[in-house]
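Dumping the structure here so I can ask a few things about it.
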Amino acid sequence: MDVYEKLTILTDAAKYDVACTSSGSDRAGRAGAVGNAVACGICHSFAADGRCISLLKVLMTNSCIYDCKYCVNRASRDTRRTAFTPEELAELTIQFYRRNYIEGLFLSSGVLKSPDYTTERMTRAIRLLRDGYRFNGYIHVKAIPGTSPELLRELGLLVDRMSINIELPSESSLRALAPQKESSAILRPMGLITSGIAENRSDLALYRHAPRFVPAGQSTQMIVGATPDSDHRILTLSEGLYKKYALKRVFFSAYSPVVEDPLLPSVFTTPPLLREHRLYQADWLMRFYGFSAEEIVSERYPNMNLAIDPKCNWAVRHMDEFPVEVNRASYERLLRVPGIGVQSARRIVQARRSGALDFDGLKKLGVVMKRARFFLTCSGKCAPDVTDDPEEVIRGLLSEKDRRMLPAATGEQLSFLDLPGIASGAARLLLPAGATTESREGGIML
Amino acid sequence: MTLERRPVYLYDGTLEGFLCCVYESYARKEIPCEITSENGQTLLAEDASWIITDWDHAQKVYVSLDRKITMEAQDFIRKAFLIDDPDREMLMYRFIRMGYRYGRRVMDMLTDDTVGRLIRAVRGLEREAHSYMGFVRFTVYDQVMVSCIRPKNRVLPLLAPHFEDRFPEESFLIYDRTYRMAAVHKPEGTVLTSLDKLVLPPIEDSERAYHELWRCFQRTIAIESRTNPRCQMNHMPKRYWEELTEMP
Ligand code: SF4
């Protein structure tokens, strides 16, 4: 089989892995070597599904001794199998890199013979890249659950990022769909990498030239929509992973049905893209906006409202926290205002040093006034164009993207029912304390 | 400062030349109505004067940016000079005047028309340069890697150092078709130079094979059930496609 054919098969089998970012490592180039790494990551292209292509994302092999039900590479599936040799893979990576097609390599693999055997092959390819080709660019490797600690340690010194996929958000889902995997086989190596990174940090403090162990940190991925696990389950688990294992990223992957199985959604279901999108928004709120998982979902409301982004949703349920006075509020409070992002909150703090801000100024700073106007005052004044018409409010609170995604999100349950409540909640804000509003029934255009 | 005289300043199109315009305006106590290096129509303007580029004068103004405004202002002005805006010289000129007046505070005046517009334009420049770090495509001709781009802003001075750092041992050329400039790197060093025309030899078969492999990868990595051309286009606008090996 030639390399072209191998590349086709091993790319096709790798495409369901979401992570393609090249962020987290900052490394200058070196004389005699090829490559550097840029902390913020670089996208090199975008695939027809709109996802960023940053790394050459392939499998070492798509053969696998395991039989995880949700996976295209499961042992029992009838499909063509192949494997890269370490030499082929190293050559392909370096030639793609020179032409600036990619930022580096994202290597993962089916399990060939045993986890250790598989990891050794991956390590050979990566060592060839690092030592043979003097490749100094980004490498992300997906660790194989069940690999011995020594081999993981060796691999960790060669790569920028390591990930071990949680795959399913609960023990029971894992038992049902991946009976050969135990969550301990996933969490143990995760803990190992975390402590490896921590030890390495203290080594580096002592010896500046100590080799770096997984400098860009570790990440993981969960499949969403293959099992009945709630958003609450997913988000509290993510929060725990960020805290306990100091993960850099948790990725979510809307389940695209690949096999018919009584335990899985039928092959005709469409991937729950809107839910995935909301989970990423929630994840964003936890990482950059100081939200906790419990503020976004709770035991009582275990799933997010798909119709509205989680920040807006939080805001309209916490009207007592608003309005926020732009010229005095702390950075943290500004961050909680729908329509104000990390960038615009920073700009507000910066710009108000040179004088009080008005609504016109906010627009120039990149604040999305269509949404923010309901939650702000400037020097004590409300925005001139706020209304208490619930339809207006809803239209204001939904982003372009929300409206585009809503009709497309067939197969997902949308709870529109909440919207009138939300709207009257927002409208209440605009009235003097003690006044009440009636929510108008029906007629909500989306 | 007399306000009646509003001359047009002509300069040589270099940053040093521009800084000399600032110097002259203070020396002559006048405020130009236009600063330009395009000496077509404007030469005929009644009140045009040619500003000679004097390295010492330029240096004085450059140092004053740090001393009277902030160190960031130096970097900012260097970048502002690269933006794509027909009024860039006057915007920069007004920014510097405001900087002398308000000091470092000028960098915070994001809602002011001049400052805001300039800061947004520089942000756009940086964003475009960052995009090109990913969208540059090299084709290998024998031992030299060549890439062509058609940027809005003058991104080469920001782009070249990135690739110089990345490929220290390679020889490469990045050609900016918009401004007819090239960054040429050899292991000994990098130069930026103007280049009117670039003629390339035919692409060899061995090189074509890599183009095919890359197209194959880019096609295969997409998940069909998530096809979303609109999202693809948002992230990778059509204007970049011309030079992208993988796009039609
Ligand atoms: S071990 Fe990995 S590759 Fe093998 S079947 Fe399970 S998920 Fe798929």
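Every chain is numbered from 1, with letters handed out A, B, ... down the list of sequences.
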Quiz item: Can you say whether B:E246 sits under 4.5 Å from chain A via the side chain, the backbone, both, or neither, judging by heavy atoms?
Solution: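 When you check distances to chain A, only side chain atoms of B:E246 fall under 4.5 Å.
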Practice problem: Give a yes or no answer on whether the side chain of A:N100 reaches the backbone of B:M133 with a donor-acceptor pair at less than 3.5 Å. | Solution: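 Yes; judged by distance alone, with no hydrogens or angles, the pair exists.
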Quiz item: Would a 4.5 Å heavy-atom cut-off, applied to side chains only, mark A:F46 and B:N234 as touching?
Solution: no
Practice problem: Under 4.5 Å heavy-atom distance to chain A, tell me which part of B:R117 shows up: side chain, backbone, both or neither. | Solution: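 Neither; nothing under 4.5 Å.
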Exercise. Please report the C-alpha distance between A:D49 and B:T227 in whole Å, then the side-chain angles of each, then the deciding distance to 0.1 Å, and finally whether the side chain to side chain contact (heavy atoms under 4.5 Å, CB included) criterion is met.
Key: CA-CA 4 Å; A:D49 55 16; B:T227 303; 5.6 Å; no
Self-check item: Short side-chain to backbone donor-acceptor contact, B:Q232 and A:S45, under 3.5 Å
Solution: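 No; zero donor-acceptor contacts below 3.5 Å.
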Practice problem: Mind checking side-chain hydrogen bond (donor to acceptor under 3.5 Å, both in side chains) for A:T93 and listing every partner two or more places apart, or none if nothing turns up? | Solution: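 None.
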Quiz item: Non-hydrogen atoms of chain B under 4.5 Å away: do they reach the side chain of A:C52, the backbone, both or neither?
Solution: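 Contact with chain B: none, neither part.
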Practice problem: Name the region of A:L56, side chain, backbone, both or neither, that has any atom closer than 4.5 Å to a heavy atom of chain B. | Solution: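 Both parts, heavy atoms under 4.5 Å.
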Self-check item: Part of A:R51 within contact of chain B (heavy atom distance under 4.5 Å)
Solution: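 The side chain, not the backbone.
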Quiz item: Atom OG of A:S354 and atom CG of B:L110: how far apart are they, to the nearest 0.5 Å?
Solution: 7.0 Å
Quiz item: Do NZ/NE/NH1/NH2 and the carboxylate oxygens of B:D113 and A:K364 come within less than 4.0 Å?
Solution: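 Salt bridge present between B:D113 and A:K364.
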Quiz item: If you count heavy-atom pairs under 4.5 Å between each of B:Q218, B:R120, B:E212, B:R105 and chain A, which one has the most?
Solution: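 So the answer, after comparing B:Q218, B:R120, B:E212, B:R105, is B:Q218.
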Exercise. Answer yes or no: does atom CD of B:E204 have more than 12 heavy-atom neighbours from other residues, nucleotides or ligands under 6.0 Å?
Key: no
Donor-acceptor pairs under 3.5 Å, side chain of residues 138-145 of chain B to any protein atom, not counting sequence neighbours: which ones?
none

Practice problem: May I ask you to test the A:C40-B:H130 pair for a side-chain heavy-atom distance under 4.5 Å? | Solution: yes
Quiz prompt | Residues in residues 147-182 of chain B that sit under 4.5 Å from chain A, counting heavy atoms only | solution =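 Under the 4.5 Å heavy-atom cut-off, B:H162, B:F163, B:D165, B:R166, B:F167, B:P168, B:E169, B:E170 qualify.
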Quiz item: What are the two closest heavy atoms between A:G50 and B:H235, and how far apart are they?
Solution: O-CD2, 3.8 Å
Exercise. Kindly give the heavy-atom pair with the smallest separation between A:C43 and B:F135, and that separation in Å.
Key: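 That closest heavy-atom pairing would be O-CE2, 4.2 Å.
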Quiz item: So do A:K15 and B:T220 actually touch side chain to side chain, heavy atoms under 4.5 Å?
Solution: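 No, side chains not in contact.
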Quiz item: Passes side chain to side chain contact (heavy atoms under 4.5 Å, CB included), A:T8 versus B:F217? Steps please.
Solution: CA-CA 7 Å; A:T8 313; B:F217 175 77; over 6 Å; no
Quiz item: Where does A:L10 contact chain B at under 4.5 Å (heavy atoms): side chain, backbone, both or neither?
Solution: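 Interface part for A:L10: neither.
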Quiz prompt | Flag side-chain contact, heavy atom, 4.5 Å: B:L213 against A:F96 | solution =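 Yes, at least one pair of side-chain atoms sits under 4.5 Å.
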Quiz item: Which bit of A:R98 comes within less than 4.5 Å of chain B, counting heavy atoms only: side chain, backbone, both or neither?
Solution: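 The answer is both parts of A:R98.
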Practice problem: Find the one option among A:A47, A:S54, A:A37 whose heavy-atom pairs under 4.5 Å with chain B are most numerous. | Solution: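 Heavy-atom pairs under 4.5 Å are most numerous for A:A47.
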Quiz item: Taking the six-membered ring of A:Y101, is the NZ or CZ of B:R137 close enough (under 6.0 Å from the centre) and on axis enough (within 45°)?
Solution: no
Quiz item: If you tally heavy-atom pairs under 4.5 Å against chain B, which of A:G35, A:A31, A:G355, A:G137 wins?
Solution: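 When all of A:G35, A:A31, A:G355, A:G137 are compared, A:G35 has the most.
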Practice problem: Answer yes or no: is there a side-chain heavy-atom contact under 4.5 Å between B:M236 and A:H44? | Solution: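 Not in contact.
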Quiz prompt | Point-to-point distance, once rounded to the nearest 0.5 Å, from OG of B:S206 to CD of A:Q95 | solution =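 Taking OG in B:S206 and CD in A:Q95, the distance rounds to 9.5 Å.
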Quiz item: Quick one: of A:A14, A:G366, A:A28, who has the most non-hydrogen atom pairs under 4.5 Å with chain B?
Solution: A:A28
Exercise. Tell me, for A:A33 versus chain B, whether the close heavy atoms (under 4.5 Å) come from the side chain, the backbone, both or neither.
Key: backbone
Quiz item: OG of B:S225 to CG of A:L273: how many Å apart, nearest 0.5 Å?
Solution: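 Those atoms lie 7.5 Å apart.
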Quiz item: So do B:T111 and A:L357 actually touch side chain to side chain, heavy atoms under 4.5 Å?
Solution: yes
Self-check item: B:R101, CZ atom: more than 12 neighbouring heavy atoms under 6.0 Å
Solution: no
Quiz prompt | B:R88: partners by salt bridge (charged side-chain N to carboxylate O under 4.0 Å, His left out), with sequence neighbours left out | solution =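 Testing B:R88 for salt bridge (charged side-chain N to carboxylate O under 4.0 Å, His left out), a comparison that skips the adjacent residues, returns none.
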